[in-house]
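Position 1 is the first residue of the sequence, and the numbers go up from there. Quick caveat: nothing in here was measured; it's all calculated off a predicted structure.
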Amino acid sequence: MSSDRDHSTPSEGLRPETLAVHPPRVEVTGSVPLGVPLHQGHVFGFESADALADSMHSGDSFLYSRMGNPTVRTLEDAVARLEGAAGALSFASGMGAINTVLLGLLHGGGHVIAQRCLYGGTYAMLTDLAARWGVEVSYVSGTDPEEVAAALRPTTRLLYLETIANPTTRVADIPALAAVARAAGVPVAVDNTFASPLLCRPLSLGADLVVHSATKYLAGHADVLGGVLAVGDPELLGRMRHFAVELGASTDPFAAWLTLRGMQTLSLRMDRHCASAATLAARLADHPAVAAVRYPGQAGHPDRAIAERLLPDGAGGVISLDLAGGRDAGRAFVEAVRLASLSVSLGDVKTLVMHPASTSHRQLDAAALEAAGIGPGTVRLSVGIEHVEDLWADLDQALGKAAAL
């Protein structure tokens, strides 16, 4: 049953208290807004009880923003188009997207194969699932398909990778590993945060699910907290959407709007991030205070050949370096920078530095840090879009102070 009722509120005869609650609605006619409209309202009205009931079951109309919102849907559609996905889901944080994958696909007695070097929050969640749910985890290098084949079990429910690992910058051989997993009927999830869809599209390489911390490169301006999950298969997307609604880690419309605004300059920013990172990585490798530099676009990186295949348009904006003076030198360096900021995030227009062993990967003990390739003097450098010579001057002076210890 439908209704022809006019839902605009007449002002005649209404008292001020009522008029304040029901402002007039302005319909845009004869033109189209160039910016994405911000639909901040979280609840939507219907013309009939049947229409409301149908929407609750079909999801064809916007009902309640935890289940869908026009601005949020625009972000989801934009990311899905960039990733070549059937659809995408947006979350209040990157961990919301990661947890939707892990909690939606794993259960007690299940098994997951994960890349050995992972974002600390992902590692902590897998450790927690192992302790509370009995989920078994096998860690692999991320470059050897035979290693994945050997780790497969009848109970394996997921292969979890990172395009460029956090913080070591190891590059996963997604096509080779995904082929092994998918042949066994195991879905493949890839955290593509470090690369962004401009540098790599994991679904085209064999992945089933792609995770982003939208806080990083997608938004890019240190003013948004968000996450996105892109899914290649419509049926799997439906399963993830159902779980995401129940989980409740939904994106705020304003955060979605800010992310969309940031994404308009994503290609320009990624070009600068990659170019400056390549320049700085080469200079850092020649500095006497630096023991080792790991950047996927640099000769000598252990995964250089993989990076050339999977990241032909740029190796990203993150550099991992080990300082010759160890933990004390690493801490001194990140506290000595002046133009760069000491911060736990990455992918910002500003250059950021951090010491993983005492921050993002503090959940790992010494053995786990070593297994992940993180040393006591490891520093993660997220290169911004400042002038590269200004960045080098800042890094050079900070390295000098670290070396003086």
*Asks:* Should Ser276 and Ile385 count as side-chain neighbours, where that means a heavy-atom distance under 4.5 Å?
*Replies:*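 Side chain of Ser276 against side chain of Ile385, heavy atoms only: no contact under 4.5 Å found.
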
*Asks:* Could you go through Glu246 and Arg66, starting from their C-alpha distance and side-chain angles, then the distance that decides it, and tell me whether this counts as salt bridge (Lys or Arg N to Asp or Glu O under 4.0 Å)?
*Replies:* CA-CA 9 Å; Glu246 299 305 321; Arg66 178 165 62 87; 5.1 Å; no

*Asks:* So, do Asn166 and Leu118 sit near enough that their side-chain heavy atoms are less than 4.5 Å apart?
*Replies:* no

*Asks:* Ring pair (Phe, Tyr, Trp, His ring centres under 6.0 Å), that's the test. Do Phe194 and Tyr119 meet it? Break it down for me.
*Replies:* CA-CA 11 Å; Phe194 270 43; Tyr119 166 57; 9.1 Å; no

*Asks:* Can a donor-acceptor pair be found between the side chains of Ser341 and Ser343 at a distance below 3.5 Å?
*Replies:*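 Checked: Ser341/Ser343 side chains show no N/O donor-acceptor pair below 3.5 Å.
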
*Asks:* To the nearest 0.5 Å, what is the distance between CZ (Arg380) and CE (Met354)?
*Replies:* 4.5 Å

*Asks:* Check whether any side-chain heavy atom of Val383 lies under 4.5 Å from a side-chain heavy atom of Arg272, and answer yes or no.
*Replies:* no

*Asks:* I need the Gln397 CD to Leu395 CG distance, nearest 0.5 Å.
*Replies:*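 Output value for this atom pair is 8.5 Å.
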
*Asks:* Ignoring hydrogens and angles, state whether a donor on the side chain of Glu147 or Ser141 is under 3.5 Å from an acceptor on the partner side chain.
*Replies:* yes

*Asks:* Any chance you could measure Leu266, atom CG, to His273, atom NE2, to the nearest 0.5 Å?
*Replies:*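 So the CG of Leu266 and the NE2 of His273 are separated by 8.0 Å.
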
*Asks:* If I take atom NZ from residue Lys350 and atom CG from residue Leu339, how far apart are they, to the nearest 0.5 angstrom?
*Replies:* 10.5 Å

*Asks:* Taking side-chain contact (heavy atoms from CB on, under 4.5 Å) as the criterion, tell me which of Ile113, Leu158, Val112 meets it with Val137.
*Replies:* Val112

*Asks:* Distance check, rounded to the nearest 0.5 Å: Asn69 atom CG versus Glu76 atom CD?
*Replies:*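 Answer rounded to 0.5 Å: 9.0 Å.
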
*Asks:* Please report the interatomic distance OH(Tyr160) to CG(Leu177), rounded to the nearest 0.5 Å.
*Replies:* 15.0 Å

*Asks:* So do Trp257 and Asp252 actually touch side chain to side chain, heavy atoms under 4.5 Å?
*Replies:* no

*Asks:* Applying side-chain hydrogen bond (donor to acceptor under 3.5 Å, both in side chains), run through Thr378 and His355 and close with a yes or a no.
*Replies:* CA-CA 6 Å; Thr378 297; His355 183 244; over 6 Å; no

*Asks:* Do His111 and Thr156 have side-chain atoms, one donor and one acceptor, less than 3.5 Å apart?
*Replies:* yes

*Asks:* Can you confirm whether the side chains of Thr163 and Asn192 place a donor and an acceptor under 3.5 Å from each other?
*Replies:*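 Yes, because at least one side-chain N or O of Thr163 sits under 3.5 Å from a partner of the opposite role on Asn192.
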
*Asks:* Side chains of Val211 and Val190: closer than 4.5 Å at any heavy-atom pair?
*Replies:* no

*Asks:* Given side-chain hydrogen bond (donor to acceptor under 3.5 Å, both in side chains), test Thr143 with Asp173 step by step and report yes or no.
*Replies:* CA-CA 5 Å; Thr143 58; Asp173 194 343; over 6 Å; no

*Asks:* Would a 4.5 Å heavy-atom cut-off, applied to side chains only, mark Leu126 and Val135 as touching?
*Replies:*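 No, too far: nothing below the 4.5 Å cut-off.
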
*Asks:* Indicate yes or no: at least one non-hydrogen side-chain atom of Met125 is less than 4.5 angstrom from one of Thr122.
*Replies:* no

*Asks:* Would you say Arg81 has more than 12 foreign heavy atoms packed within less than 6.0 Å of its CZ?
*Replies:*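 No, because the 6.0 Å sphere around CZ of Arg81 holds 12 heavy atoms or fewer from other groups.
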
*Asks:* Any luck finding a side-chain donor-acceptor pair between His221 and Asp348 under 3.5 Å?
*Replies:*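 Side-chain D/A pair, His221 to Asp348: absent.
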
*Asks:* Quick check on His107: does its NE2 atom have over 12 non-hydrogen neighbours (other residues, nucleotides or ligands) under 6.0 Å away?
*Replies:* yes

*Asks:* Side chains of Leu89 and Leu237: does their closest heavy-atom pair fall under 4.5 Å?
*Replies:*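 Leu89 vs Leu237: side chains touch.
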
*Asks:* Decide if atom CZ of Arg132 counts as having more than 12 heavy atoms of other residues, nucleotides or ligands within a radius under 6.0 Å.
*Replies:* yes

*Asks:* Would you say Thr351's side chain and Gly384's backbone share a donor-acceptor pair under 3.5 angstrom?
*Replies:*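 Yes.
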
*Asks:* Test side-chain hydrogen bond (donor to acceptor under 3.5 Å, both in side chains) on Thr193 and His212 and set out the steps.
*Replies:* CA-CA 5 Å; Thr193 298; His212 286 278; 4.7 Å; no

*Asks:* Check whether more than 12 heavy atoms from other residues, nucleotides or ligands sit under 6.0 Å from atom CZ of Arg269, and answer yes or no.
*Replies:* yes

